[in-house]
Amino acid sequence: MVALPMTWSFSAATPRRVSRFSGVAMASAGAKVENVKVGQGLGDLPKVVLTSVHGSEAELYLYGGCVTSWKVENKDLLFVRPDAVFTGQKPISGGIPHCFPQFGPGAIQQHGFARNMSWSIVSSETVDGNPSITLELKDGPYSRAMWDYSFQAIYKVTLDSNALSTELKVTNTDAKPFSFTTALHTYFRASVTGASVKGLKGCKTLNKDPDPKNPVEGKEERTLVTFPGFVDCVYLEAPTELQLDNGLGGVITIKNTNWSDAILWNPHLTMESCYKDFVCVENAKIGEVKLEPNESWTALQHLSIV
Ligand SMILES: O=P(O)(O)OC[C@H]1O[C@@H](O)[C@H](O)[C@@H](O)[C@@H]1O
């Protein structure tokens, strides 16, 4: 857990790197724009605000290492559910929560523990006015009680004028091998009746509706996959690029490296108050990743809007 100063900010027009967070308040000298600002968010939880000189903005909480907002031209392209709580006791329901070390359902809690542990800040940099922040999660007594392995997860979030990229690197720091499944459970703001996802035609599917524990195998035949009702479906060996039409006038390109699978989810009437306002398009690794001691696995996600 990071010891957080009240505010902590950086700004630079040219590359500037700040190494491991010291817990000491720092202020930028002569800065016009604070590209990386750490402060308090909802529930007084530590929150990082990234501001690009090109006008975009992103926010993330150290609790869960969860990006909760990505704004381009002042429009938030991500969605946080109205029932989300910011107490540090429950995962934040919205934005880009992590599912690690289990996508689920499985032996441990649904979607694993990474979304309800506090990540710490490793470093921050700004290149050509575009900021990034790197977070770290390590095992502790809470995770060990569920999953008895030593690991390190490094998560770099980079904001660009019209893009948000993430890089997740998981390293086995244990003396024995371990396996995991994982996902980035991205909630996109959308009009569910107008939203569609392109790129999944031909993929093998595991439909988790009606029984997530016994998914039904199939094949996607549609060029544009829509959300006419409850949707909870895994797409195996999904392509490295999908396009989400959010039904609000925006088309978001979702590119990835090494996130081999995808999930579409919309809870429909099981979340009557908000299901019309978002869809989840998740990059995932459903087949287990096995790491020997000192081995790492890295995956990238690149979201952009034209
Ligand atoms: O409410 P949670 O735990 O965030 O999970 C939401 C949904 O997340 C999706 O990724 C799963 O495929 C669903 O089965 C699950 O219901």
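One-based numbering, in listed order, for ligands and for the atoms of each.
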Q) What do you reckon, does Lys90 put a non-hydrogen atom under 4.0 Å from ligand 1? A) no

How far is [atom] from its nearest protein heavy atom, and which residue and atom is that?
atom: atom 1 (O) of ligand 1; value: Arg81 NH1, 4.0 Å
atom: atom 14 (O) of ligand 1; value: Asp232 OD2, 2.6 Å
atom: atom 15 (C) of ligand 1; value: Gln110 NE2, 3.6 Å
atom: atom 9 (C) of ligand 1; value: His185 NE2, 3.4 Å
atom: atom 5 (O) of ligand 1; value: His111 NE2, 3.2 Å
atom: atom 7 (C) of ligand 1; value: Trp265 CE2, 3.4 Å

Q. Strictly by modelled atom types, are Thr205 and Lys219 linked by a side-chain donor-acceptor pair under 3.5 Å?
A. no

Q) Between the side chains of Gln301 and Asn283, does any donor sit under 3.5 Å from an acceptor? A) yes

Going by the order shown, which atoms of ligand 1 are within less than 4.0 Å of some heavy atom of [X]?
X: Arg115; value: 2 (P), 3 (O), 4 (O)
X: Phe103; value: 10 (O), 12 (O)
X: Glu282; value: 9 (C), 10 (O)

For the pair [X] and [Y], find out whether any cationic side-chain nitrogen is under 4.0 Å from an anionic carboxylate oxygen.
X: Asp174; Y: Lys176; result: yes
X: Lys204; Y: Glu217; result: yes
X: Lys47; Y: Glu59; result: yes

Q | More than 12 heavy atoms from other groups under 6.0 Å of CD on Glu73 | A | no

Q: Looking only at non-hydrogen atoms, find the nearest pair between Tyr187 and Gly94 and report the distance.
A: CD1-CA, 3.5 Å

